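Quick caveat, the model's predicted, so the values are computed rather than measured. Letters go in sequence order (proteins before strands), and every chain restarts at 1.
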Amino acid sequence: MKKYIPSAVEPKWQKKWEEDGMYKAYDFDKRKKFYCLIEFPYPSGAGLHVGHVRSWSAMDAYSRKKRMEGYNVLYPIGWDAFGLPAENYAISLGVHPSEIVPKNIAKFKTQCKAIGLSFDWSREIDTTDPKYYKWTQWIFLKFFEKSLAYQADVPVNWCPSCKTNLADEEVLADGTHERCGIMTEKRMQKQWLLRITQYADKLLEDLKTVDYPKMVAEQQINWIGRKEGINITYKVKDSKEEVVCFTTRPDTNFGATFIVLGPEHPIILKLTKDKYLEEVKKYIKKTTSKSEIERIAEGRKKTGVFTGSYAINNLNNKLMPIWISDFVLGHVGTGAVVGVPGHDKRDFEFAKEFGLEIIRVVVGKDGDTSAITRIEQVQEEEGKMINSEFLDDLDIREATKKVMDYLEKKGFGKRVVSYHLRDWVFSRQHYWGEPIPIIHCSKCGLVPVPEKDLPVELPYLKKYEPSGTGQSPLANAKEWVNVPCPKCGGKAKRETDTMPNWAGSNWYFLRYLDPLNDKEIAGEEKMAYWMPVDIYQGGFEHTTLHLLYSRFVYKFLYDIGVAPTSEPYAKRRPHGIVLGPDGRKMSKSFGNVINPDDIINQYGADTLRIYEMFMGPFDQINVWNEDGVNGVYHFLQRVWLLYDKLDPIKTSLSREDLMIMHKTIKKVSGDIENIKFNTAVASMMEWLNYLSRKEKVSKEEYKTFLLLLAPFAPHITEELWESIGEKYSIHQPRLNRGQQSWPKFDKKYLEEEEVSVVVQINGKVRDILVIEKDILNNKEVIEKMAKQSHKVQKFLAGNSVKKTVYVPGKIISFAV
RNA sequence: GCUGGGAUGGUGGAAUGGUAGACACGAUAGGUUUAGGACCUAUUGCUCGUAAGAGCGUGGAGGUUCAAAUCCUCUUCCCAGCACCA
């Protein structure tokens with residue numbers, strides 16, 4: 001047979017598949033539906049990354065297998081083209097984003113097709129298309145209608161480089177912007193927010209109903225950060241004011257020796273005695289102007305000032321001095337903390353710094369009941385209560401319940417639930433995004449753009465760079481901004497902020513179901529047919545961003561009767577990133593970027609696809625290795641050459657032939673289902689090694705081999721399928737007229753006729769017996785055979801067997 | 001500090017209580033080739049040994065078990081996320 005030249009095979013089939021509409025999904029088809037989703041990309045100027053290729057070709061293999069199994073598979077793609085990256089890229093080139101985006105999309109599309117991905121191109125979407133973002137704006141109006149979208153003055157994370165504010169989720173732990181790496185600043189600004197906190201409990205609770213990796217679910221749970229505690233109200237001596245403190249550990253309240261207010265707390269000035277006023281004001285000024293960098297640089301050294309006032313502990317009427325310190329954060333709990341230095345490390349440090357009393361109310365791990373003098377003795381959990389009157393001798397959990405009941409009964413406190421999750425800052429002062437469809441009228445206030453006037457199209461602005469003043473560049477589009485109020489007809493102005501880049505991706509998976517619908521977001525019946533997404537493949541980095549956001553938006557759509565299910569994604573599976581050959585993240589500046597086009601030119605798309613699946617476990621970080629690519633190319637060449645061994649005469653298969661064939665069918669089927677592509681490919685290689693050693697390969701084996709390989713290497717298998725005289729595509733049983741589909745294994749060929757049984761003595765392998773299947777369960781015979789073995793006798797001599805364990809078909813173990 | 005994940009040959013990795021190292025890369029030797037590459041065959045965890053064989057071996061220490069990479073306890077290091085979160 002002629003040589004394997006990928007470039008002679010691949011484009012030919014890509015063209016044919018497109019002409020035949022091979023990978024279309026059919027709405028309402030009788031076959032079982034399967035919705036396979038990948039995270040749609042931001043079409044960057046750099047073109048496809050090998051990481052995209054890995055994730056998409058793996059899910060492509062998954063989709064192809066499902067189709068061969070007879071499912072009606074939806075595997076769509078689109079473009080998430082609004083947002084900062086597209087805008088910054090356009091600025092760097094000095095052109096308009098609306099010119100750049102279509103070019104980038106065209107490039108991505110060409111590349112996707114060159115890889116042979118089986119996307120249903122008839123459902124392609126683009127978030128910057130007004131026909132698409134009409135519905136992104138519509139969703140916003142629904143949020144507004146239900147009072148879940150609102151404006152408020154909030155401290156925002158300002159990125160001085162990108163000149164916009166950001167959501168908390170977009171700022172990393174060190175205070176830098178996740179995209180550009182520049183340190184952000186806190187600013188007060190009027191912003192649009194979405195009330196995601198109202199969905200905190202549902203987002204938490206319903207994690208139980210979906211199949212997410214543990215790591216992903218845990219991360220969302222942590223981010224939502226639900227905590228049950230109590231707000232305790234303390235009276236202030238000689239004052240009408242009260243201080244409310246949130247705590248999850250009211251059991252330790254007999255150990256409370258002071259109160260700390262965060263510097264933003266509103267009642268500080270009312271509580272401060274004249275004598276201390278100047279110092280307090282100075283402290284507040286100093287701490288509130290402190291930047292994130294300064295805070296981190298300072299470490300955890302405690303600072304603070306005394307107000308001169310005292311709060312009264314409800315439990316024992318003890319006076320507790322009220323202090324101010326910036327270790328108490330304004331946005332956490334009630335912005336005020338009751339200081340229990342014996343059982344909280346921060347409180348201990350504060351008490352030490354300012355010489356405040358430290359009392360132990362929980363017995364230490366080692367039974368220690370003495371006064372606490374060192375931070376190592378501070379203990380936050382475990383033990384029994386002491387020095388706590390009616391709580392003494394109780395376990396901390398019992399004490400917590402008892403004291404909460406007591407405080408509530410007496411009216412000193414109220415059980416509350418607190419969350420780490422904050423409302424979602426949803427406006428950006430940037431050009432390249434969906435305009436927020438709201439009109440500001442001096443008479444009527446905030447007026448939503450009527451649904452019939454959607455979409456509010458983004459006007460073409462020549463000068464679209466961010467102003468840096470905190471105002472969107474859209475404010476300069478006077479003609480666009482000035483509109484009559486839809487309510488009263490008077491003079492009014494459009495909202496000039498745009499939505500964040502997450503807006504379009506919140507709901508895109510619904511638009512694939514009905515991309516041309518101009519009456520609604522998507523047809524109700526189509527949504528009911530396709531939803532939920534059966535498997536959603538995406539990166540870990542979106543766990544508390546896109547994945548959480550889109551769950552929230554979808555749940556809202558469900559609650560207003562638009563979406564058909566309570567959760568959008570039945571199953572989530574993550575992928576690991578692909579690093580450059582030097583083990584570093586691929587980046588132009590390191591010069592370690594692998595361009596998929598180069599690999600396709602040199603080795604072909606099938607090699608690229610299989611290599612990326614074979615390189616390691618799918619959810620792990622993998623380093624690119626050119627030698628590995630060559631290894632896979634070698635494998636496909638050997639597949640190609642196998643054709644020469646095809647036996648034209650019908651021959652029957654040996655028992656061994658059948659066993660390895662059925663074993664491989666089982667392994668590959670199971671591994672694809674479990675996202676273990678690396679071992680699926682390995683077992684194909686094993687079978688190929690076996691087949692290559694044979695004189696002749698039967699047609700049955702050959703066809704089965706090609707069918708199993710088809711999801712991984714769609715081009716070469718299609719070509720070889722044709723070479724053996726098959727008329728229809730290997731990929732689509734529907735077009736195959738049901739002639740051939742995904743192979744099934746037969747259990748009877750998985751059992752071996754002769755089984756090797758390992759003989760162990762004291763856990764060490766000493767011999768291997770080959771046993772006929774029919775005496776497998778006869779322990780006596782096996783035991784006798786084992787003892788007769790020369791190798792075994794050597795080790796048994798002079799010892800008596802104390803115990804014998806026999807696991808049929810596997811092992812016989814002697815303890816001597 | 002908290003939460004989650006991880007550590008296996010020269011390398012990527014396989015094996016989730018039952019023959020550790022599948023598969024691939026690399027390496028070594030031989031074959032083939034005008035040469036290089038490509039291809040084919042064999043070997044390849046470590047130590048001792050000409051060999052037969054023996055001992056050791058899954059970050060470290062201990063435990064459960066006839067049997068542990070796998071389960072339990074402690075511990076070291078690495079990765080990810082969160083973090084003065086009350």
Side-chain angles (χ1 to χ4, degrees), chain A residues 172-174 213-223 225 227 229-230 245-250 252 260 262 295-296 298-303 325-329 331-340 343-347 349-350 380 418-420 540-541 543-544 574 576-577 610-611 614-617 619-635 637-638 641 667 676 678-689 692 756-768 791 794 801-816:
Chain A
L172 301 179
D174 62 358
K214 198 175 174 185
M215 200 200 268
V216 171
E218 287 291 330
Q219 234 182 79
Q220 290 206 346
I221 291 167
N222 285 346
W223 187 256
K227 278 189 202 99
I230 186 165
C245 297
F246 174 75
T247 177
T248 56
R249 295 294 308 280
T252 60
V260 190
R295 281 202 178 211
I296 290 162
E298 233 170 48
R300 305 201 166 189
K301 177 142 171 55
K302 299 289 177 289
T303 59
S325 174
D326 66 348
F327 86 83
V328 176
L329 307 174
H331 60 272
V332 177
T334 57
V337 160
V338 52
V340 183
H343 303 283
D344 180 282
K345 291 205 160 96
R346 293 152 311 195
D347 294 352
E349 286 162 2
F350 192 78
E380 290 167 34
S418 111
Y419 299 91
H420 172 255
F540 286 110
E541 70 275 17
T543 301
T544 54
I577 52 170
I610 295 187
Y611 169 64
F614 183 61
M615 69 197 302
D619 57 357
Q620 262 178 43
I621 296 172
N622 289 103
V623 175
W624 190 271
N625 175 4
E626 186 84 30
D627 288 333
V629 180
N630 200 52
V632 169
Y633 185 56
H634 181 206
F635 165 67
Q637 278 177 319
R638 293 176 62 216
L641 291 173
K667 178 80 178 147
K676 290 166 84 173
N678 55 334
T679 49
V681 173
S683 69
M684 291 301 297
M685 288 174 170
E686 250 178 287
W687 191 21
L688 179 69
N689 288 344
S692 301
S756 18
V757 171
V758 172
V759 185
Q760 280 189 351
I761 295 162
N762 287 347
K764 286 208 163 65
V765 178
R766 294 305 176 186
D767 199 8
I768 296 166
K791 291 178 188 169
K794 213 162 74 184
V801 175
K802 271 192 231 143
K803 190 169 178 181
T804 306
V805 176
Y806 177 56
V807 182
K810 288 214 166 135
I811 205 159
I812 180 156
S813 178
F814 298 109
V816 300

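Side-chain atoms of A:V332 lie closest to B:A86 of the nucleotides B:A83, B:A86, B:A24. Between B:U19, B:C84, B:A86, one nucleotide has an atom nearer to the side chain of A:K302 than all others, and that is B:C84. You'll find that the side chain of A:M685 is closest to B:A24, out of B:A15, B:A83, B:A24. Taking every side-chain heavy atom of A:A682 into account, B:C23 is the closest of B:U19, B:C23, B:A15.
The phosphate of B:A24 has neither OP1 nor OP2 within less than 4.0 Å of any side-chain N or O from A:N625. An OP1 or OP2 oxygen of B:C56 is reached within less than 4.0 angstrom by a side-chain nitrogen or oxygen of A:K764. Put simply, A:N678 has a side-chain N or O that comes within less than 4.0 Å of OP1 or OP2 on B:A14. For the OP1/OP2 pair of B:A86 and a distance below 4.0 Å, the side-chain nitrogens and oxygens of A:K227 include at least one atom meeting the criterion.
If you measure from atom CZ of A:F327 to atom P of B:C84, you get 12 Å, rounded to the nearest angstrom. In this structure, A:D619 atom CG and B:G13 atom P are separated by 11 Å, rounded to whole Å. Protein atom CD of A:E626 is 19 Å distant from nucleotide atom P of B:A24, rounded to whole Å. Rounded to an integer number of Å, the gap from CZ of A:R766 to C1' of B:A54 is 9 Å. One atom, NE2 of A:H420, and another, C1' of B:G81, lie 11 Å apart when rounded to the nearest Å. Going from atom CE of A:M615 over to atom P of B:G13 covers 9 Å, rounded to whole Å. When the C1' atom of B:A24 is taken as reference, atom NZ of A:K676 falls 17 Å away, rounded to whole Å. Per the geometry, CZ belonging to A:F614 stands 8 Å off P belonging to B:C25, to the nearest Å.
Annotation: side chain to side chain donor-acceptor pair (under 3.5 Å) contacts of A:E349 (sequence neighbours excluded): A:K302. Every residue two or more places apart in sequence or in another chain was checked for a side chain to side chain donor-acceptor pair (under 3.5 Å) with A:N678, and none qualifies. With sequence neighbours left out, the side chain to side chain donor-acceptor pair (under 3.5 Å) criterion links A:D344 to A:R346. Every residue two or more places apart in sequence or in another chain that forms a side chain to side chain donor-acceptor pair (under 3.5 Å) with A:K667 is listed here: A:D671. Residues meeting the salt bridge (Lys or Arg N to Asp or Glu O under 4.0 Å) test with A:R249, sequence neighbours left out: A:D251.
Separating the C1' atom of B:C25 from that of B:G13 is a span of 10 Å, rounded to the nearest Å. To the nearest whole angstrom, the two P atoms, one in B:A14 and one in B:U64, are 31 Å apart. A gap of 6 Å separates the C1' atoms of B:A7 and B:G59, to the nearest Å. The gap from the C1' atom of B:C56 to that of B:G6 amounts to 26 Å, rounded to the nearest Å. Only the P atoms considered, B:A80 is 34 Å distant from B:G45, to the nearest whole Å. Comparing B:U76 with B:G26, their C1' atoms sit 31 Å apart, to the nearest whole Å. Atom name P, nucleotides B:U58 and B:C46: the rounded distance is 15 Å, in whole Å. Spacing between B:G55 and B:A20 at atom P, rounded to whole Å, works out to 13 Å.
Look at B:G9: its glycosidic torsion is within 90° of 0, and that puts it in the syn range.
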Quiz prompt | Nucleotide-resolved protein contact map, nucleotides 1-8 of chain B, B/S/- at heavy-atom distance under 4.0 Å | solution = --SSS---
Self-check item: Per-nucleotide protein contact string for nucleotides 39-44 of chain B (B base, S sugar-phosphate only, - none; heavy atom under 4.0 Å)
Solution: SS----
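Listed by first and then second residue, the side-chain hydrogen bond (donor to acceptor under 3.5 Å, both in side chains) pairs that reach into residues 619-628 of chain A are A:R54-A:N622, A:Y603-A:E626, sequence neighbours excluded. Among residue pairs with one or both ends in residues 803-813 of chain A, none qualify as side-chain hydrogen bond (donor to acceptor under 3.5 Å, both in side chains); sequence neighbours excluded.
When all heavy atoms of A:V681 and A:F614 are compared, the pair lying nearest together is CG1-CD1, 3.7 Å. Residues A:V623 and A:M615 come closest through the heavy atom pair O-CE, 3.7 Å. Of all heavy-atom pairs between A:F246 and A:G333, the closest is CB-CA, 4.1 Å. When all heavy atoms of A:Q220 and A:T543 are compared, the closest pair comes out as NE2-O, 2.9 Å. For A:F540 against A:M215, the heavy-atom pair with the smallest separation is CE2-SD, 3.5 Å. The two residues A:T303 and A:F350 come nearest to each other via the heavy atoms O-CE1, 3.5 Å.
Where A:D627 and A:H331 meet RNA chain B, the nucleotide closest to each residue was compared, and A:D627 sits on the side nearer the 5' end. With the nearest nucleotide of RNA chain B identified for both A:P617 and A:F540, A:P617 has the one nearer the 5' end.
Under the 4.5 Å side-chain criterion, counting only non-hydrogen atoms from C-beta, A:Q637 is in contact with A:Y633. Using a 4.5 Å heavy-atom threshold, the side chains of A:N689 and A:R638 count as touching. Contact of the A:F814 side chain with the A:V759 side chain is registered, since non-hydrogen atoms from C-beta on lie closer than 4.5 Å. Contact annotation: the side chain of A:V337 approaches that of A:D347 to within less than 4.5 Å [non-hydrogen atoms, C-beta and beyond].
A:F635 comes within contact range of no nucleotide atom at all, as no heavy-atom separation falls under 4.0 Å. Heavy atoms of A:S756 sit under 4.0 angstrom from at least one base atom. Across all strands, A:V765 comes closer than 4.0 Å only to sugar-phosphate atoms, never to a base (heavy-atom distances). Residue contacts shown for A:D347 are absent, as no nucleic acid heavy atom lies under 4.0 Å away. Across all strands, A:K802 comes closer than 4.0 Å to no nucleic acid atom at all (heavy-atom distances). At a threshold of 4.0 angstrom between heavy atoms, the contacts of A:G631 are confined to the sugar-phosphate backbone, with no base atom among them.
Note that CD1 of A:I812 and CD of A:Q760 are 10.5 Å apart. Values are rounded to the nearest 0.5 Å.
Secondary structure note: stems in RNA chain B built from 3 or more consecutive Watson-Crick or G-U wobble pairs under 3.5 Å occupy B:1-7 with B:76-82, B:10-12 with B:23-25, B:26-31 with B:39-44, B:45-48 with B:53-56, B:59-63 with B:71-75.
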Within the sub-3.5 Å range, which N or O atoms of nucleotides 58-63 of chain B have a protein N or O partner, and how far apart are they?
none

When you compare the protein's N or O atoms with those of nucleotides 64-68 of chain B, which come within less than 3.5 Å of each other, and at what distance?
{"unit_1": "B:C66", "atom_1": "OP1", "unit_2": "A:K803", "atom_2": "NZ", "d": "2.5"}
{"unit_1": "B:C66", "atom_1": "O2", "unit_2": "A:S813", "atom_2": "OG", "d": "2.6"}

